[in-house]
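Okay, so here's the structure we're looking at.
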There are 4 protein chains.
Amino acid sequence: MASAAAPATGTAPRGRIDKRQAILDAAFEVFAVRGYAQALVQEIAEQAGVAKPTVYNHLADKETLFRATLTAAADAVMDGNLATLERLRSPGDDLRATMNEVAHELVRSCCDKRSRSLRWLTYAQVARFPDLIEVVQGRTSVRIAEAMADRLARLSLSGHLRPCDPVLAAEQLLALITGPLETRSRLGTRVVTKAEMRTLAEAAVDTFLRAYGPGPAEA
Amino acid sequence: MASAAAPATGTAPRGRIDKRQAILDAAFEVFAVRGYAQALVQEIAEQAGVAKPTVYNHLADKETLFRATLTAAADAVMDGNLATLERLRSPGDDLRATMNEVAHELVRSCCDKRSRSLRWLTYAQVARFPDLIEVVQGRTSVRIAEAMADRLARLSLSGHLRPCDPVLAAEQLLALITGPLETRSRLGTRVVTKAEMRTLAEAAVDTFLRAYGPGPAEA
Amino acid sequence: MASAAAPATGTAPRGRIDKRQAILDAAFEVFAVRGYAQALVQEIAEQAGVAKPTVYNHLADKETLFRATLTAAADAVMDGNLATLERLRSPGDDLRATMNEVAHELVRSCCDKRSRSLRWLTYAQVARFPDLIEVVQGRTSVRIAEAMADRLARLSLSGHLRPCDPVLAAEQLLALITGPLETRSRLGTRVVTKAEMRTLAEAAVDTFLRAYGPGPAEA
Amino acid sequence: MASAAAPATGTAPRGRIDKRQAILDAAFEVFAVRGYAQALVQEIAEQAGVAKPTVYNHLADKETLFRATLTAAADAVMDGNLATLERLRSPGDDLRATMNEVAHELVRSCCDKRSRSLRWLTYAQVARFPDLIEVVQGRTSVRIAEAMADRLARLSLSGHLRPCDPVLAAEQLLALITGPLETRSRLGTRVVTKAEMRTLAEAAVDTFLRAYGPGPAEA
DNA sequence: AATGAATGAGCCTTCATTCAT
DNA sequence: CATGAATGAAGGCTCATTCAT
């Protein structure tokens, strides 16, 4: 994945880093397909092209490997979403259009294989690693919600939205965006067409703006 | 649920039925706490007060046991929610008040241990039993959404709501009710206070009515 | 076999006897197909048309059932073979022809499904029930060999055969008859044609007569 | 047997080979005593001085272990017998004496624990692994019979024996050697004295030569 | 006596983890 | 450091056998 640019001068430690990354990448793929319990360390090692003990040399045990894998994946997923939300800083003339874009992008991200696997793996291991939810959601859902709340607060102050609790508004907007999507995709087991994704994104924005747009009365 | 009229003097097969039910109940409890892979058939048998082979006499193997357990739990959960939605058939004078009640009841149900465990178990085993999602959601989420869409369609026709796509409206209403709840409860790993539950329910209804209530033009 | 003489007036006990016989018959069929360890008491019960505990009512346990089954089968097989050997009592003019008939009949009996299964089951359980070999062979091979030795002794005395040890001669004759057969049938896993059976029988007799026939000196 | 030239300073894989061989040896001993179904993998591992999973590392499962064990044993048994038959290539002056030696050696081999266990195990598992008979007999009985037929054909051509079908003659000779032996040893459950073994071998050769020796007419 | 249901004991197999090279 | 090989611990499933009806 990232082993391309390695300069020839990278001696020992570079190889180590590459190997660790290769293991984490392989681990995510295997965990994503099998789930935690069914994933074999053996298979992860093979996928990473290393021997089993090498995995243990880098990551203490299966649980550590799982935590590191999910944490890394959470960071990767978050980066994309936070970038998307940046667009709401300067909504331009047409707020609805901008929000549609953002919503659509979030919908797409939500359907992404990596994102879906991350949510699934997290949810699936609540019983075994309850604290993982805090870690992962703290780096994804919660940060997205906070960033969204920030944007909505600004929009409210600038009169683009009616006065409101920005935290609740953000939660509801995200719920409107992702909720129907999860319903229709049956938690990701059914494919959702591109057209449906766009429709759902626009419907979410429409409902949100009807509820939170500047009221005509207050105008 | 179906054991209604059976007199206490039930004949021979009664013992069998009781035992099967005891096994399913015990299985749900154990699966809910441990998850599928970590749940021991041994522990389920003990919890049900029977010997391990008795479990296998009634349910062929661990997978069959799991499927039967989740299916039964789905039916049980659904019954409560469908009853709740009945209240929207005759909303009375104060639609908002009625919807608040319904939303609040759905929130409470959603936080219920059985309901939460059911969702978690289903989601957690997507990889191993992908078809289970269809079965369980078909008996819960989907049916609730359909029932909600029915009610909203009536309310729209009767002028209590503006004209709209009732299916989408139902999805969005349910998303508004449960989405923020899942966010705040961190998928059930944090307790949500009764006050918060009420607040979220009312906020969901408020946003929904702002977006779907009869427009001022029609007033 | 022994159920013949029961008078029609036998009311209750008749059913019992029939059931015991049905169980033994079923047991032989199942044991013959599966072997001892793989044979399920459940399957024997089903084959016999009774419930599992009924089997235990008649035969104490699986081992007892096995012993009774094999003993009964041994008696049945033996009856046929002893009858065959009777023909050697009065060989008539053409000794070779009579011996050919007897040998051929023994070959056919040896290939019979019941006989084969009996030998196989006995041999297969040497380790678990070493004494069964005495019981079964005592009722089959040994008795056949003894009867054959009797006949050969008479034939020797009457000058049809040269003076010899009749016990050894009987063992060798039987070995000549059955040995090549077992080789060619691969212990019963390959079919042996009728023609081959006849050929082998005649070859056995031919070799035996060459070795044990009255010498040219005595002619 | 085949490890001949390997110096004691064998490199790394030597340990693996030794362990595999140790497992096969242990397996044969345990299977020989208990039979397939009753043999515990646990016991085989202990006998081989390794842990249970090590057995599975070398041989996939119990069935594979059984097949490998019997195949190896068949090869070992065969080697001895084929070597014995070589002596018939140059019978020397006294054919009868040479044949007596060979017959006696075959009798001894036939009574050997390994040989006996091999036959028993093969026979005992006909139902479960029918193809094993082909494999084992193909490497033992059939090859012995073929080799014997080769030798007899030569002896017939050279006038030491009368003209005959060498295949049938070989089958009969082997039957004469082993048949009475199996009868008297009750399939190996009774001990046969050394004297009896010699007697039976000589009797077999005597009968064979009476039947197949060059006729007095041709003298 | 016959049966449906229950059970106790036991074994194969798997997999995370650790040595020794 | 990376690896091939070995292992300890554990769990699902089977089946002969026995109650209670």
Side-chain angles (χ1 to χ4, degrees), chain A residues 12-13 15-16 19 36-45 49-66, chain B residues 11-13 15-20 23 37-45 48-65, chain C residues 12-13 15-16 19-20 36-45 49-65, chain D residues 11-13 15-20 23 37-45 48-65:
Chain A
R16 248 192 97 65
K19 233 159 215 179
Y36 179 78
Q38 247 48 33
L40 307 193
V41 175
Q42 171 69 27
E43 189 179 358
I44 292 173
V50 300
K52 219 187 333 181
T54 304
V55 175
Y56 284 91
N57 283 343
H58 287 269
L59 287 312
D61 54 18
K62 197 184 183 183
E63 177 176 340
T64 302
L65 173 58
F66 187 68
Chain B
T11 50
R16 225 184 129 65
I17 290 177
D18 285 353
K19 226 147 225 179
R20 182 189 167 93
I23 291 170
Q38 252 49 35
L40 308 199
V41 174
Q42 171 68 28
E43 189 179 358
I44 292 172
V50 301
K52 212 187 331 181
T54 301
V55 175
Y56 286 92
N57 280 346
H58 287 268
L59 288 314
D61 53 18
K62 198 183 181 184
E63 177 176 338
T64 302
L65 173 58
Chain C
R16 248 194 98 67
K19 231 157 218 178
R20 180 187 169 95
Y36 179 78
Q38 246 48 34
L40 307 193
V41 175
Q42 171 69 30
E43 190 179 358
I44 293 173
V50 302
K52 219 189 326 183
T54 301
V55 175
Y56 285 91
N57 282 343
H58 288 268
L59 288 310
D61 53 20
K62 198 182 181 183
E63 177 175 340
T64 303
L65 174 57
Chain D
T11 50
R16 225 184 127 62
I17 290 176
D18 284 353
K19 223 146 231 181
R20 181 189 168 92
I23 290 169
Q38 251 49 36
L40 307 199
V41 174
Q42 171 68 25
E43 187 178 0
I44 292 172
V50 300
K52 213 187 329 182
T54 300
V55 175
Y56 286 93
N57 281 345
H58 288 267
L59 289 313
D61 54 18
K62 198 182 182 183
E63 177 176 339
T64 302
L65 173 58

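Everything quoted here is computed from the prediction, not taken from an experiment. Computed over heavy atoms, backbone and side chain alike; hydrogens, waters and symmetry mates excluded. Labels below follow one simple rule: chain letters A, B, ... track the order of the sequence lines, proteins then strands, and each chain is numbered from 1.
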Of all the choices, dA6(F), dT7(F), dT3(E), which nucleotide is nearest to the side chain of Lys52(A) once you look at every atom? dA6(F)
dT18(E) - base-pair partner by Watson-Crick or wobble geometry, distances under 3.5 Å: dA5(F)
Walking DNA chain E from its 5' end, the first of Val41(D) and Thr54(C) to be reached, judged by nearest nucleotide, is Thr54(C)
State which of dG8(E), dC13(F), dA6(F) makes the closest approach to the side chain of Ala51(B). dG8(E)
Counting only Watson-Crick pairs (N1-N3 plus N6-O4 or O6-N4) and G-U wobbles (N1-O2, O6-N3), all under 3.5 Å, who is the partner of dC11(E)? dG12(F)
Nearest to the side chain of Lys62(B) - dT18(E), dC13(F), dT18(F)? dC13(F)
Which part of the nucleic acid, if any, lies within reach of Ala39(B) when heavy atoms closer than 4.0 Å are counted: base, sugar-phosphate only, or nothing? sugar-phosphate
What nucleotide, of dT3(F), dA6(E), dA2(E), holds the atom closest to the side chain of Pro53(A)? dT3(F)
Would Lys62(C) pass as a cation-pi partner of Tyr56(C), given that its NZ or CZ must be under 6.0 Å from the six-membered ring centre and within 45 degrees of the axis? no
May I ask you to say what Ala60(C) touches in the nucleic acid, namely base, sugar-phosphate or nothing, with a heavy-atom cut-off under 4.0 Å? nothing
On DNA chain F, does the nearest nucleotide to Glu63(C) precede the nearest nucleotide to Ala37(B) from the 5' side, or the other way round? Give the residue. Ala37(B)
Take Gln42(D) and Val50(B), find for each the nucleotide of DNA chain E with the closest heavy atom, and name the residue whose nucleotide sits nearer the 5' end. Val50(B)
Categorize Ala45(D) for me: base, sugar-phosphate, or nothing, with a 4.0 angstrom heavy-atom threshold over every strand shown. nothing
Leu40(B) side chain: which of dC19(F), dT7(E), dG11(F) is closest? dG11(F)
